[in-house]
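Since the structure comes first, as structure tokens, the remarks are kept for the end.
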Amino acid sequence: MARKGSVLVVDDEEIMRDVLETLLSAEGYRVDLAKTGEEGLECYGKRAYDVVLLDVSMPGMGGLRALEEILKADPEAVCIIITAYATFDTAIGAWERGAFNCIRKPFQNEQILETVASGIKRRRKEEERQNLRRAMSRSVERGSIIGRSEKMQDIFQLVDQVAPARSTVLITGESGTGKELIARAIHMQSPRASKTFVTVNSSNIPSELLESELFGHTRGAFTGAVAAKKGLFEVADGGSIFLDEIGDIPPETQARLLRVLQEREFTPLGDTAPRKVDVRIIAATNIDLKEAVRQGSFREDLYYRLAVVPIELPPLRDRREDVLALAQHFIRKYNEENGRHVSDQLAPDVLALLEQYTWPGNVRELENVIERAVVIAPGSEVTRQCLPAEIADPSKAAGAAPLSTGTGSLDVSRGVNFYDEVRRFEIDIIRRALDQTGGHQSRAARLLGMNATTLNSKIKTYNIQLRS
Ligand SMILES: Nc1ncnc2c1ncn2[C@@H]1O[C@H](COP(=O)(O)OP(=O)(O)OP(=O)(O)O)[C@@H](O)[C@H]1O
Ligand SMILES: [Mg+2]
């Protein structure tokens with residue numbers, strides 16, 4: 001039976017919990033029970049139920065307090081109050097506090113079922129509204145994928161062709177070439193656009209946790225699994241899942257993933273019954289997966305299942321025609337973000353320098369270079385002085401590594417400018433934070449007061465080597 005929705009029943013009386021559980025499970029709802037307001041709140045914190053049935057009089061935190069707390073955590077929560085004292089006052093009180101409805105005990109089963117059904121309907125409508133809002137804000141972004149080169153035009157055409165289908169896409173390309181951007185574009189141009197796009201970065205998740213993240217687990221499936229958890233495949237149902245850094249997936253997880261691709265179903269850890277899902281899989285990697293297959297670290301059968309439609313993003317140095325348009329796009333973007341008014345018309349010498357450079361960090365590196373140039377530009381133009389030394393002075397940087405990530409002393413004789421100092425400082429503190437946290441990125445991010453995604457992108461931009 002298709003899952004109709006999830007209901008949390010919060011009642012201190014065992015008999016009431018039993019009655020409601022039997023009644024609602026028979027209708028096909030997934031039902032969880034809580035004995036107190038506190039417990040109910042804790043359950044809701046772990047999983048956003050579609051509907052909550054709340055008894056008013058319970059020892060400790062009563063139903064009306066629990067109602068307030070749940071709504072504080074999730075203003076869209078649909079809570080139905082059940083009370084034996086359905087005086088006019090309690091009912092009004094519940095409504096004023098934001099309850100969806102109020103039912104008096106003793107109740108007719110029908111009454112419960114009807115109210116829960118309309119609560120679920122309201123919940124679905126709200127989800128749809130939110131998805132649409134998200135989809136709209138992303139489609140605005142979609143308009144900003146830049147690429148005039150023939151190579152990128154071919155890729156856009158391929159994206160248009162594959163987007164409507166459910167076929168699995170494998171996006172390859174060096175770091176910073178725009179793989180995630182293209183993955184989002186595929187989702188946004190698909191009939192799934194109004195549904196969720198879930199991103200999983202396999203290299204950010206410890207391998208022991210990856211499977212439970214992807215497939216979910218039942219309560220007690222392993223030590224520490226105190227509550228059941230929905231897997232990301234289930235979250236993405238109807239939408240798309242973006243498996244980033246797919247090359248980092250350990251062998252056991254590769255085997256389970258293969259099964260999802262073949263059978264379109266998966267089994268949460270600790271569970272026995274497989275679940276069907278309708279998910280579009282988009283994978284990405286910056287390593288050579290074919291080589292990984294040859295070396296035996298990546299399953300060949302999985303490779304072919306993933307690479308149904310391969311999209312290879314060319315490095316920026318192979319499409320220098322795109323540099324100008326990208327630079328202009330980023331100037332406008334960072335002007336807006338920083339309240340600056342730097343001209344998006346580049347002086348010929350600056351443009352020439354940008355076009356000559358090899359961009360080992362690709363578009364991400366260009367974006368970073370422009371962001372800083374916009375911030376430090378003394379006047380209304382990006383000048384040579386706003387560029388990092390290895391770009392501004394290619395003759396001196398020739399033969400040298402694009403950027404030394406070492407923390408050695410600054411070589412003033414090479415004309416280190418402000419930009420480099422900022423960069424070295426940043427690299428230095430990031431390395432220290434990583435050292436201190438044993439390479440744990442999210443902890444390091446917390447230490448730096450930076451969000452984890454920002455830290456991850458800086459690590460990539462600066463090509464900071466992570467010790468494993
Ligand atoms: N064609 C493009 N037009 C506009 N912005 C782009 C383009 N390509 C990449 N970018 C921007 O460059 C940055 C890096 O892109 P993205 O994160 O998609 O790269 P990636 O290939 O996934 O990199 P990695 O392998 O390091 O994860 C992002 O901020 C993205 O918005
Ligand atoms: Mg990426």
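FYI, side chains are in, hydrogens and waters are out, and symmetry mates aren't considered; it's all heavy atoms of this structure. The structure displayed is predicted, hence computed values, not measured ones.
- Between V116 and V51 the shortest heavy-atom distance is O-CG2, 3.9 Å.
- Between E126 and R122, no side-chain nitrogen of the basic residue sits less than 4.0 Å from a carboxylate oxygen of the acidic one, so the salt-bridge criterion is not met.
- Contact check on R299 versus D301 returns a salt bridge, with a Lys/Arg side-chain nitrogen under 4.0 Å from an Asp/Glu carboxylate oxygen.
- Smallest separation of non-hydrogen atoms from N362 and G176: CB-O, 3.4 Å.
- A donor-acceptor pair is defined here as one N or O able to donate and one able to accept, closer than 3.5 Å; such a pair exists between the side chain of S212 and the backbone of L209.
- Here the CG-CD1 distance, from D154 to I311, works out to 11.5 Å after rounding to the nearest 0.5 Å.
- Checked against a 6.0 Å centroid threshold, the rings of Y303 and F298 do not count as neighbours.
- Salt bridge absent: E265 and R275 never bring a charged side-chain N and a carboxylate O closer than 4.0 Å.
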Begin with the C-alpha distance, continue with both residues' side-chain angles, and end with the deciding distance and a verdict on side-chain contact (heavy atoms from CB on, under 4.5 Å) for V10 and L53. CA-CA 6 Å; V10 188; L53 289 177; over 6 Å; no

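- The structure places CG of L302 at 5.5 Å from CG of L257, a figure rounded to the nearest 0.5 Å.
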Where do E68 and K72 land on the salt bridge (Lys or Arg N to Asp or Glu O under 4.0 Å) test, with the steps shown first? CA-CA 6 Å; E68 278 178 9; K72 224 188 270 169; over 6 Å; no

For D74 and R123: C-alpha separation, side-chain torsions, deciding distance, then whether salt bridge (Lys or Arg N to Asp or Glu O under 4.0 Å) applies. CA-CA 12 Å; D74 175 7; R123 185 83 176 168; 3.3 Å; yes

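- A distance-only check finds a donor-acceptor pair linking the side chain of R17 to the backbone of D11 [under 3.5 Å].
- Heavy atoms from other residues, nucleotides or ligands lying under 6.0 Å from CD of E312 number 12 at most.
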For V9 and L24, run side-chain contact (heavy atoms from CB on, under 4.5 Å): C-alpha distance rounded to whole Å, both residues' side-chain angles, the deciding distance at 0.1 Å, then the answer. CA-CA 10 Å; V9 174; L24 293 165; 4.2 Å; yes

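- Distance alone, capped at 3.5 Å, places no donor-acceptor pair between the T253 side chain and the I249 backbone.
- No donor-acceptor distance shorter than 3.5 angstrom exists from the side chain of Q189 to the backbone of P164, with no hydrogens or angles considered.
- Heavy atoms of other residues, nucleotides or ligands lying less than 6.0 angstrom from CZ of R432 number 12 at most.
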Using the salt bridge (Lys or Arg N to Asp or Glu O under 4.0 Å) rule, take R124 and E127 through it: C-alpha gap first, then chi angles, then the decisive distance, then the call. CA-CA 5 Å; R124 296 284 174 266; E127 279 170 2; 3.4 Å; yes

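- Looking only at distances, no side-chain donor or acceptor of N456 sits under 3.5 Å from a matching main-chain atom of A452.
- The CG atom of L8 sits 9.0 Å away from atom CD of E39, with the distance rounded to the nearest 0.5 Å.
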Dump the intermediate steps for side-chain contact (heavy atoms from CB on, under 4.5 Å) on K105 and E13, then the final yes or no. CA-CA 13 Å; K105 283 196 234 179; E13 277 178 77; 3.7 Å; yes

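- With a 4.5 Å cut-off on side-chain heavy atoms, S202 and L210 count as touching.
- A cation-pi arrangement is present between R47 and Y49 under the rule of less than 6.0 angstrom and at most 45 degrees off the ring axis.
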Where do R192 and D278 land on the salt bridge (Lys or Arg N to Asp or Glu O under 4.0 Å) test, with the steps shown first? CA-CA 10 Å; R192 298 165 180 267; D278 168 29; 2.7 Å; yes

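- Once rounded to the nearest 0.5 Å, the distance linking SG of C79 with CG of L71 reads 5.0 Å.
- The shortest non-hydrogen separation linking I120 to G5 is CD1-CA, 3.9 Å.
- For the residue pair E291 / Q295, a side-chain donor-acceptor distance below 3.5 Å is found, with atom types taken as modelled.
- N368 and R372 are linked by a side-chain donor-acceptor pair at a separation below 3.5 angstrom, with hydrogens and angles left out of the test.
- Taken to the nearest 0.5 Å, the CG atom of L306 stands 7.5 Å off from the CG atom of L289.
- Under the 3.5 Å distance criterion, with hydrogens and angles disregarded, a donor-acceptor pair is assigned to the side chains of N451 and T454.
- Shown here is R219, whose CZ atom has no more than 12 heavy atoms of other residues, nucleotides or ligands within 6.0 Å.
- In this structure, E263 does not pair ionically with K276, as no charged nitrogen and carboxylate oxygen lie closer than 4.0 Å.
- With respect to K46 and E42, a salt bridge is recorded, a charged nitrogen being found less than 4.0 Å from a carboxylate O.
- Nearest heavy-atom pair, R317 versus W359, reported as atom, atom and distance to 0.1 Å: NH1-O, 4.0 Å.
- In this view, D12 satisfies the side-chain hydrogen bond (donor to acceptor under 3.5 Å, both in side chains) rule with no residue, not counting sequence neighbours.
- A distance-only check finds no donor-acceptor pair linking the side chain of K229 to the backbone of E213 [under 3.5 Å].
- More than 12 heavy atoms of other residues, nucleotides or ligands sit less than 6.0 Å from atom CD of Q161.
- Using a 30° and 60° split on the angle between ring planes, F215 and F233 fall in the parallel class, below 30°.
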So L316 and D318, side-chain contact (heavy atoms from CB on, under 4.5 Å) or not? Walk me through it. CA-CA 5 Å; L316 188 53; D318 290 349; over 6 Å; no

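- The salt bridge (charged side-chain N to carboxylate O under 4.0 Å, His left out) contacts involving residues 237-247 comprise E245-K460, where partners must be two or more places apart or lie in separate chains.
- Checking side-chain atoms of D50 against main-chain N and O of S6 turns up a donor-acceptor pair under 3.5 Å.
- Interatomic distance, CD1 of I145 versus CZ of R184, reported as 10.5 Å (0.5 Å rounding).
- Residues N286 and E174 bring no donor and acceptor atom of their side chains to less than 3.5 Å of each other.
- With respect to the salt-bridge test (charged N to carboxylate O, under 4.0 angstrom), the residues E14 and K35 do not qualify.
- Taking the side chain as every heavy atom from C-beta outward, I80 and L54 never approach each other to under 4.5 Å.
- With hydrogens and angles left out, the side-chain atoms of Y44 and E69 include no donor and acceptor closer than 3.5 Å.
- Remark: the D322 side chain and the S149 side chain contain an N/O donor-acceptor pair separated by less than 3.5 Å.
- Not a single donor-acceptor pair under 3.5 Å links the side chain of E367 to the backbone N or O of L326.
- Here the closest non-hydrogen pair linking T285 and I287 is OG1-N, 3.0 Å.
- The shortest heavy-atom contact between P314 and I155 is CD-CD1, 3.6 Å.
- Checking side-chain atoms of K179 against main-chain N and O of G173 turns up a donor-acceptor pair under 3.5 Å.
- Remark: the backbone N or O of S203 is paired with a side-chain donor or acceptor of N201 at under 3.5 angstrom.
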